[in-house]
Amino acid sequence: MIWDPARSNVLTTHVKIGEGPLKSGETVLSEGIVIHEGAHASDFVVVYQDLRPATIPSLRVVAKLIEGTIDGFLARI
């Protein structure tokens, strides 16, 4: 979870998680998340694909970038 539910109106409504091989045989992860932000009645889809398991520790940084982008968008509407 990226957003702190105690301080946010963002709720995850749907999640699709995938795991599978590339043509090289390397296993990668993919995920799609639908979130709803209640204060603005806005829905967003966040997707990443071909994440290699070794890079999972870096996902928190990417998640913060996604969070910042959506928060910046919401600040303008």
Side-chain angles (χ1 to χ4, degrees):
M1 180 178 347
I2 302 171
W3 288 270
D4 177 359
R7 298 182 304 126
S8 175
N9 289 317
V10 177
L11 299 173
T12 300
T13 60
H14 299 80
V15 175
K16 171 69 169 128
I17 299 172
E19 179 180 347
L22 295 174
K23 290 179 184 177
S24 67
E26 182 180 14
T27 298
V28 293
L29 308 172
S30 301
E31 184 172 8
I33 307 164
V34 179
I35 60 172
H36 178 77
E37 197 280 334
H40 299 90
S42 298
D43 295 307
F44 297 89
V45 177
V46 177
V47 177
Y48 67 81
Q49 61 184 22
D50 295 345
L51 177 71
R52 288 159 177 79
T55 61
I56 288 175
S58 301
L59 185 58
R60 187 92 178 135
V61 175
V62 174
K64 292 304 286 180
L65 290 171
I66 293 167
E67 178 183 36
T69 300
I70 292 174
D71 287 345
F73 175 81
L74 290 172
R76 294 173 175 253
I77 61 172

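Residues Val45 and Ile35 fall into different hydrophobic clusters, defined by Ile, Leu, Val, Met, Phe, Trp and Tyr side chains chained together at heavy-atom separations under 4.5 Å. Cluster membership check: Val47 shares its hydrophobic cluster with Val34, using side-chain heavy-atom separations under 4.5 Å among Ile, Leu, Val, Met, Phe, Trp and Tyr. Linking ILVMFWY side-chain heavy atoms closer than 4.5 Å, directly or via other members, places Val61 and Tyr48 in two distinct hydrophobic clusters.
Within a 6.0 Å radius of NE2 in His40, more than 12 heavy atoms belonging to other residues, nucleotides or ligands are found.
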Show which side-chain atoms of residues 20-28 pair as donor or acceptor with protein atoms under 3.5 Å away, not counting sequence neighbours.
{"residue": "Ser24", "atom": "OG", "partner": "Glu26", "partner atom": "N", "Å": "3.3"}
{"residue": "Glu26", "atom": "OE1", "partner": "Arg52", "partner atom": "NE", "Å": "3.1"}
{"residue": "Glu26", "atom": "OE2", "partner": "Arg52", "partner atom": "NE", "Å": "3.2"}

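In this structure, Asp43 CG and Leu11 CG are separated by 10.5 Å, a value rounded to the nearest 0.5 Å. The distance from the CG atom of Leu65 to the CD1 atom of Ile70 is 11.5 Å, given to the nearest 0.5 Å. With rounding to the nearest 0.5 Å, the separation of CD in Glu31 from CG in Leu51 is 9.5 Å.
Here the side chain of Thr69 pairs no donor or acceptor atom with the backbone of Glu67 at under 3.5 angstrom.
In terms of heavy-atom proximity, Asp50 sits nearest to Ser30 at N-OG, 3.4 Å.
Put simply, the side chain of Leu74 reaches to within 4.5 Å of the side chain of Phe44, judged on heavy atoms.
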